[in-house]
Amino acid sequence: MTEKTVNLFEKYDVPVPRYTSYPTVPYWTDDPTTEQWLAELRKAAAKPDCRWSMYIHIPFCESLCTFCGCNNVITQDHRREEPYVQRVLAELEMYLAAVPDLAERSFRQLHLGGGTPTFLHPESLAALLRPIARRFQTRADEFDASVEVNPRVTTREHLETLFANGFTRVSMGVQDFDPTVQYLVNRIQPYEITEALTNDARQIGYTSVNYDLIYGLPKQTAEKIRKTAELTLGLRPDRIAFYSFAKVPWIKPAQRLFKDEDLPEGAEKRELYEIAREIFLAGGYVEIGMDHFALPHDSLHKAQLDGSLHRNFMGYTEFRTDVMLGLGVSAISESPTCFHQNVKKAPEYEQRIAEGRIPTMRGHLLNDEDRALRQQILQFMTQLHVTLEPEQIDDARTFLAPMMDDGIVTLEGNELRLLERGKPFLRNATCFFDSRLRTSEPRTKIFSMAL
Ligand SMILES: C[S@@+](CC[C@H](N)C(=O)[O-])C[C@H]1O[C@@H](n2cnc3c(N)ncnc32)[C@H](O)[C@@H]1O
Ligand code: SF4
């Protein structure tokens, strides 16, 4: 890295959102009631051409990985499985009762996330998935089901059960293959476990295997990340999500266990990304958006080429849907006009479901400006260029002037474009569209650093 580049890393390593939604969660203001949320959902359900997806959150994990920023419940008590599955199904029934048109809609996409969905035994997964399949007619050629799995607790039988229920994509948490890093994050996961599960997935017929990797973990070095990238290349997942370690100790106290001096930051952290990136590109992968890679045959790459790449709370996805219905503790839903999040604590979720109430915690009703900006942000984050409205041009020239000087973006006519060397700073440039961030302090402390 040149000295000038290094300085940019210092200059732009500031707290910024990841823009998996707009407005970003800390700026959700209206807190619609459950009734308001349902009214927005009914509007969407009344439109036959509206595209639907479903997200189901399974919060349980048997042990805590200390880097983890996800909403999870750490337990070894598998008696919790069956009641949880019943609660999620009860929540779905509440939606079907409150939004009658929903039963007529087919879901294009189903994603099981967590926590660890494969904390559930195969029978529990089947008990969850069969009633959903019965409720919605989905055309196999239009249906995309994916699951996040932790290879340490996932068996071939899990994968077979999911496959039998229409799942063709599996995302495996790997993070880093290095034993020292694994030890420091409390996640010992020998290479052979990941290798065996990858082979199982391929034999069963999964068409897309994703690995989650993280850069910026404690004691990760250039040499270690090189090794992790090379081992990854050897197993050839169809996709790689290569996340920047999001340090949010005020939300996730376990991250305080890391020593500051062990954590790569700024330019040093970004260098880890660049090292692995070069290895992935040389190995035939294509970079997708800001932190994903895919083999050219993978649908994520095709979506990038034909402009249909989408971004939602889970990150980059090839399916552009209008509504995502989130079920389970802490699950987030979105419609063209509203965001909605379920309560985050498991006991509260249990209680609300037992009372027959949709477990609303918070949300946001989007105004016209929010919706226009959300569309621009989506385009910029997925296509890396976007057309500005005439009234945005002067503001862009002023706000983005330092980034134009630094060779991060260009503005030609009304077209804002991220330059190749600007890729690490995509989130910083996207702040231009974030009128809420630019005009007020967030309600809570939240964002991780840009790099
Ligand atoms: C729900 S987990 C994946 C499934 C499963 N629980 C596992 O860990 O294998 C989602 C992914 O988010 C990523 N992740 C979690 N905490 C993170 C953090 N603080 N910074 C960056 N990525 C994080 C990890 O790569 C993780 O695999
Ligand atoms: S990384 Fe996955 S397995 Fe580890 S605590 Fe987080 S959700 Fe659970």
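Atoms within a ligand are numbered from 1 in the order they appear, just like the ligands themselves. Since the model is a prediction, treat every value here as computed from it, not as a measurement.
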Novice: Give the residue and atom name of whichever protein heavy atom lies nearest to atom 13 (C) of ligand 1, and the separation in Å to one decimal.
Specialist: Y243 CD1, 3.9 Å
Novice: Does a side-chain N-to-carboxylate-O contact under 4.0 Å join D178 and K227?
Specialist: no
Novice: Looking at E123, I'd like to know if its CD atom is crowded, meaning that more than 12 non-hydrogen atoms belonging to other residues, nucleotides or ligands lie closer than 6.0 Å.
Specialist: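 Counting neighbours around CD of E123, more than 12 heavy atoms of other residues, nucleotides or ligands fall under 6.0 Å, so yes.
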Novice: Taking atom CZ of R130 as the centre, does the number of heavy atoms from other residues, nucleotides or ligands within less than 6.0 Å exceed 12?
Specialist: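 At most 12 heavy atoms, drawn from other residues, nucleotides or ligands, come within 6.0 Å of this atom.
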Novice: Which residue is it: Y22, F339, W37? I am looking for the one with a ring pair (Phe, Tyr, Trp, His ring centres under 6.0 Å) to W28.
Specialist: F339
Novice: With heavy-atom distances below 4.0 Å as the criterion, list the atoms of ligand 1 near C68.
Specialist: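 With C68 as reference, the close atoms of ligand 1 come out as 16 (N).
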Novice: Checking R80 against F60: charged group under 6.0 Å from the ring centre and within 45 degrees of the axis?
Specialist: no
Novice: Testing M94, M361, R357, R87 one by one against R352 for a side chain to side chain contact (heavy atoms under 4.5 Å, CB included), which residue passes?
Specialist: R357
Novice: Tell me the protein heavy atom at minimum distance from atom 16 (N) of ligand 1, and give that distance in Å.
Specialist: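 Ranked first by proximity to atom 16 (N) of ligand 1 is G69 N, 2.9 Å.
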Novice: Check the pair E230, R226 against salt bridge (Lys or Arg N to Asp or Glu O under 4.0 Å), reporting the backbone distance first and the verdict last.
Specialist: CA-CA 6 Å; E230 280 162 1; R226 196 170 288 122; 5.4 Å; no
Novice: Consider ligand 2: state whether an atom of it lies below 4.0 angstrom from any non-hydrogen atom of G173.
Specialist: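 Not so, G173 does not reach ligand 2.
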Novice: Taking only heavy atoms of V149, which atoms of ligand 1 are found under 4.0 Å from at least one of them?
Specialist: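 Those atoms are 9 (O).
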Novice: T116 heavy atoms, cut-off 4.0 Å: which ligand 1 atoms fall inside?
Specialist: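 In order of number, 6 (N).
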Novice: Going by the order shown, which atoms of ligand 1 are within less than 4.0 Å of some heavy atom of G173?
Specialist: 9 (O), 27 (O)
Novice: Within less than 2.8 Å of atom 8 (Fe) of ligand 2, any N, O or S from C61?
Specialist: yes
Novice: Atom 4 (Fe) of ligand 2: which protein heavy atom is closest, and how many Å away?
Specialist: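 The answer is C65 SG, 2.3 Å.
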Novice: Could you check atom 25 (O) of ligand 1 against the protein and tell me its nearest heavy-atom contact, residue, atom and distance included?
Specialist: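 The closest one turns out to be Q175 OE1, 2.7 Å.
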Novice: Within 45° of the ring axis of F280 and under 6.0 Å from its six-membered ring centre, is that where the NZ or CZ of R277 lies?
Specialist: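 No, R277 and F280 do not form such a contact.
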Novice: Please confirm whether G114 comes under 4.0 Å of ligand 1, counting heavy atoms of the residue only.
Specialist: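 G114 counts as a contact of ligand 1 under the 4.0 Å cut-off.
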Novice: Closer than 4.0 Å to some heavy atom of N150 - which atoms of ligand 2 meet that?
Specialist: 3 (S)
Novice: Provide, to 0.1 Å, the distance between atom 12 (O) of ligand 1 and the closest protein heavy atom, together with that atom's residue and name.
Specialist: C70 SG, 4.0 Å
Novice: Considering only protein heavy atoms, which is closest to atom 20 (N) of ligand 1, and at what distance to one decimal place?
Specialist: A246 N, 2.9 Å
Novice: Which of the numbered atoms in ligand 1 are below 4.0 angstrom from a heavy atom of S244?
Specialist: 20 (N), 21 (C)
Novice: Short list, please: which atoms of ligand 1 are under 4.0 Å from a heavy atom of G115?
Specialist: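 Heavy-atom distances to G115 below 4.0 Å select 1 (C), 4 (C), 5 (C), 6 (N).
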Novice: Among all the protein's non-hydrogen atoms, which is closest to atom 19 (N) of ligand 1, and how far away is it?
Specialist: F67 O, 2.9 Å
Novice: Do D298 and S208 have side-chain N/O donor and acceptor atoms under 3.5 Å apart?
Specialist: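 A donor-acceptor contact under 3.5 Å links the two side chains.
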Novice: Give a yes/no verdict on whether any heavy atom in R152 is under 4.0 Å from an atom of ligand 2.
Specialist: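 It does not; every heavy atom stays at 4.0 Å or beyond.
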Novice: Of all the atoms in ligand 1, which lie at a distance below 4.0 Å from a heavy atom belonging to Q255?
Specialist: 19 (N)
Novice: Select the closest option to atom 2 (S) of ligand 1 among K247, E148, R187, judged by heavy-atom distance.
Specialist: E148
Novice: Which of the numbered atoms in ligand 2 are under 4.0 angstrom from any heavy atom belonging to N72?
Specialist: 5 (S), 6 (Fe)
Novice: Using heavy-atom distances, let me know which of E62, R187, Q175 sits nearest atom 2 (Fe) of ligand 2.
Specialist: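 Nearest option to atom 2 (Fe) of ligand 2, by heavy atoms: R187.
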Novice: Test F242 against every option in Y285, Y215, Y316 by the ring pair (Phe, Tyr, Trp, His ring centres under 6.0 Å) rule and name the one that passes.
Specialist: Y215
Novice: Measuring from atom 23 (C) of ligand 1, which candidate in D176, V153, T66, I214 has the nearest non-hydrogen atom?
Specialist: I214
Novice: Would you indicate whether K252, at its atom NZ, is surrounded by more than 12 heavy atoms from other residues, nucleotides or ligands within a distance under 6.0 Å?
Specialist: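 Buried by this count: over 12 neighbours within 6.0 Å.
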Novice: Which ligand 1 atoms are under 4.0 Å away from a heavy-atom of D212?
Specialist: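 Near D212, the atoms of ligand 1 are 3 (C), 10 (C), 11 (C), 25 (O), 26 (C), 27 (O).
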Novice: Are there over 12 heavy-atom neighbours, none belonging to E223, within less than 6.0 Å of that residue's CD?
Specialist: no
Novice: Does the pair N186 and T66 meet the rule for a side-chain hydrogen bond (donor to acceptor under 3.5 Å, both in side chains), with working shown?
Specialist: CA-CA 6 Å; N186 193 36; T66 44; over 6 Å; no
Novice: Taking atom NZ of K345 as the centre, does the number of heavy atoms from other residues, nucleotides or ligands within less than 6.0 Å exceed 12?
Specialist: no
Novice: Using a strict cut-off of 4.0 Å, indicate which atoms of ligand 2 neighbour a heavy atom of F67.
Specialist: 1 (S)
Novice: Under 4.0 Å from a heavy atom of C68: which atoms of ligand 2 are those, numbered in the order shown and with their elements?
Specialist: 1 (S), 5 (S), 6 (Fe), 7 (S)
